[in-house]
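The block underneath contains the structure these notes are about, expressed in structure tokens.
Note that the numbering runs from 1 along the sequence shown for the chain.
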Amino acid sequence: MDAHAAHRFDAEGPTVTLFAEPEGGTYRRSTRVPFGQPVALPEPFGIELSTEAFPAAKWVAGE
């Protein structure tokens, strides 16, 4: 994936979106973080997911 192609579709740049708390066919909460930043997965996972290896993460970091 071309990092510049991902960026041009979203004014905030390439991001990861975690959708949570499904109810009635929709999600009640979402969290967005830029590629390269960790995203916290709530319980029952309770872990932090690294996004450093995502294709556009290096572009966001300025490398």
Side-chain angles (χ1 to χ4, degrees):
M1 170 193 253
D2 177 11
H4 296 285
H7 175 70
R8 73 176 177 214
F9 294 111
D10 191 332
E12 295 182 30
T15 60
V16 174
T17 304
L18 173 68
F19 294 95
E21 300 178 18
E23 184 177 292
T26 188
Y27 292 96
R28 297 177 353 148
R29 188 170 64 102
S30 66
T31 303
R32 287 178 67 157
V33 298
F35 279 13
Q37 299 295 313
V39 61
L41 301 180
E43 294 299 334
F45 304 102
I47 63 169
E48 201 169 76
L49 179 66
S50 172
T51 65
E52 290 179 357
F54 285 22
K58 292 180 181 176
W59 177 78
V60 171
E63 294 180 11

(request) Scan residues 37-51 for pairs that pass salt bridge (Lys or Arg N to Asp or Glu O under 4.0 Å), counting only residues two or more places apart or in two chains. (result)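 The answer is none; no pair qualifies.
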(request) Check whether V16 and I47 end up in the same hydrophobic cluster, where Ile, Leu, Val, Met, Phe, Trp and Tyr are linked by side-chain heavy atoms less than 4.5 Å apart. (result)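 Looking at the clustering, I47 is in the same group as V16.
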(request) Establish whether Y27 and L49 are linked, either directly or via other cluster members, by ILVMFWY side-chain heavy-atom contacts under 4.5 Å. (result)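 Per the 4.5 Å side-chain linkage, Y27 and L49 are not co-clustered.
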(message) Given 3.5 Å as the limit, does a donor-acceptor pair link the side chain of T15 with the main chain of V33, or not?
(response)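 Judged by distance alone, no pair lies under 3.5 Å.
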(request) Would you please name every residue forming a side chain to side chain contact (heavy atoms under 4.5 Å, CB included) with P42, sequence neighbours left out? (result)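 Only L18, R29 meet the side chain to side chain contact (heavy atoms under 4.5 Å, CB included) criterion with P42.
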(message) Holding to side chain to side chain contact (heavy atoms under 4.5 Å, CB included), I want the full list of residues that pass it with S30, two or more places apart in sequence or in another chain.
(response)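 Expected list: T17, F19.
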